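Below is one structure, written out as structure tokens, with a few remarks after it.
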Number of protein chains: 2
Amino acid sequence: MGDRGAKDALFDGFAEVAKAMGNGRRAELIDVLAQGERHVEELADEIAQSVANTSFHLRTLAAIGLVTTRRDGTRIYYRLTSGRVGELWAALRDVAAAHHSEIDDLAAAYLGDRSRLEEIGRAELVDRLVAGDVIVLDVRPLPEYTAGHIAGARSIPIERLAESLKAIPRDVEIVAYCRGPYCVMADDAVRLLRRRGRAARRLEDGFPEWQRAELPVEMQVAS
Amino acid sequence: MGDRGAKDALFDGFAEVAKAMGNGRRAELIDVLAQGERHVEELADEIAQSVANTSFHLRTLAAIGLVTTRRDGTRIYYRLTSGRVGELWAALRDVAAAHHSEIDDLAAAYLGDRSRLEEIGRAELVDRLVAGDVIVLDVRPLPEYTAGHIAGARSIPIERLAESLKAIPRDVEIVAYCRGPYCVMADDAVRLLRRRGRAARRLEDGFPEWQRAELPVEMQVAS
DNA sequence: CCTATCCTCAAGGAACTGCTTGAACAGTCG
DNA sequence: CGACTGTTCAAGCAGTTCCTTGAGGATAGG
């Protein structure tokens, strides 16, 4: 029991999982897949890489067991193997934000100035949803909304928000949400809405966190 | 807000943290440091690497912010920057065990057959400690015991267990613990004790988990 | 059966990682 | 101060990772 070689091999095994997450493009893939399953071409588009390279990264994640596939016709859908993978990703992000000093600057460069974006907590949003005096907008791409969204939310992908404004009542507060704390879509939505004179706030973090908190969720059932 | 380059850079930043954990030797270092602070020479010995290489790995972890240092005389002590790093490590291990199919075999090769080692849960041990009808043995190396241990536990590093047997009362059940679920020291202790006719069980997982569960802990205060 | 679509695989080059050796650098203590 | 101890740094090589290109499957549908 317990010789050096076997111990090294075991810890190399653990490290392989970290290595699988240790690439920016794969990290982005995990972040997208935490929203729900997607097929290769969509994923390639999301991370702005060639299909071949995206496929390669997905195979890498699959080899370690972090993602699984399902075929539907000619397409192959990838998804996270379980919710724990999403939790691990969230834990990694949190530790990075807390201890890796560069993250602050990188986040600021990507997200811009958030000081004027008011946030709303999950608990408060639950109350407001019960009271019914709020409109919740899911500004993620449609496939992510379809795969699962906050119960009662309306899908308006961020690119369509400007043209869909008229359909949103004027006198109700709007809450926008997207993928999580490092996602700009809800930020952009809130900025746009406020510029047009609407009362809008951003949900602190996004759909995966809402789902992990076991708050009410709806999903399109395949018919 | 939200151009591609900035997004890639941010996710590369997250990935750097995973990359820092993505090496077997560094994973072992984190596992040891989760027990408490140690200096470079001891750490090199623990992971069976040269001091130079160990120092290099520690610098890598420090550059990302996962570990911090403190000088004491001519020695430099490294420790995890916060308990969250330990939690991230535990989450990584759990996901690896759950989804990375090779881990089962690697763990079996390192740990051997555990089917005859009875385990005791944390909750039950707390009760037994209150009742006072159990002896708890910390079989980790002494510096780890000194840095922190289960309240009421006795330090008998595994190499000294055989020679220290006489000092342990015969008619009380013994519970041994060490670093965590993938540590063989408590296993070896329980096997030895049972061979000598003692009633012995292994605590499920180890000291870091006990500490995270906010159960009673003691530590040597520098005098 | 043939074609179109979607995905994966293989080869190759540039960049990075991990380990070793030997030298250099603190601090500390006599 | 000067020698010593513990730690870090630098160079260098072997091995791995990442992305690109282009070819090679697999499935669905005509």
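Both backbone and side-chain heavy atoms feed into the values below; hydrogens, waters and symmetry mates do not. Chain identifiers are assigned alphabetically (A, B, ...) following the order of the sequence lines, protein sequences preceding nucleic acid strands; residue numbering begins at 1 within each chain. Not measured: the values here are computed from a predicted model.
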If you restrict it to nitrogen or oxygen atoms, what contacts under 3.5 Å exist between nucleotides 4-7 of chain C and the protein, and what is each distance?
from  : atom 1 : to      : atom 2 : distance (Å)
C:dC6 : OP1    : A:Arg75 : NH2    : 3.3
C:dC6 : O4'    : A:Thr74 : OG1    : 3.1
C:dC7 : OP1    : A:Val40 : N      : 3.3
C:dC7 : OP1    : A:Ile76 : N      : 3.4
C:dC7 : OP2    : A:Glu41 : N      : 3.1

- prompt: Quick check: are there more than 12 heavy atoms from other residues, nucleotides or ligands sitting under 6.0 Å from CD of B:Glu163?
  reply: yes
- request: Find the distance between CG (B:Leu215) and CD1 (B:Ile150) and round it off to the nearest 0.5 Å.
  value: 8.0 Å
message: Going by side chain to side chain contact (heavy atoms under 4.5 Å, CB included), B:Leu137 matches just one of B:Leu203, B:Val190, B:Ile168. Which one?
response: B:Ile168
message: Any carboxylate oxygen within less than 4.0 angstrom of a Lys/Arg side-chain nitrogen, looking at A:Arg212 and A:Glu209?
response: yes
statement: Between NE2 of B:His57 and P of C:dG18 the distance, given in whole Å, is 7 Å
task: Cation-pi check, B:Arg140 to B:Phe207: give yes when NZ or CZ is under 6.0 Å from the six-membered ring centre and within 45° of the ring axis, no otherwise.
output: yes
- prompt: Between A:Arg70 and A:Tyr77, is NZ or CZ placed under 6.0 angstrom from the six-membered ring centre and within 45° of the ring axis?
  reply: yes
statement: Contacted region of DNA chain D by chain B, from 5' end to 3' end of the hits, cut-off under 4.0 Å to heavy atoms, spans D:dG6 to D:dC9
- prompt: Hey, which of B:Glu37, B:His149, B:Glu42, B:Glu46 is the one that makes side chain to side chain contact (heavy atoms under 4.5 Å, CB included) with B:Glu144?
  reply: B:Glu46
message: Which label fits A:Phe11 and B:Trp89: parallel for a plane angle under 30°, tilted from 30 to 60°, or perpendicular past 60°?
response: parallel
task: Using heavy atoms and a sub-4.0 Å distance, could you list which residues of residues 16-29 of chain B are near DNA chain C? By number, please.
output: B:Lys19, B:Asn23, B:Arg26
field: NZ/NE/NH1/NH2 to OD/OE distance under 4.0 Å, B:Arg38 and B:Glu28
entry: no
Over 12 non-hydrogen atoms of neighbours within 6.0 angstrom of CZ in B:Arg160: no
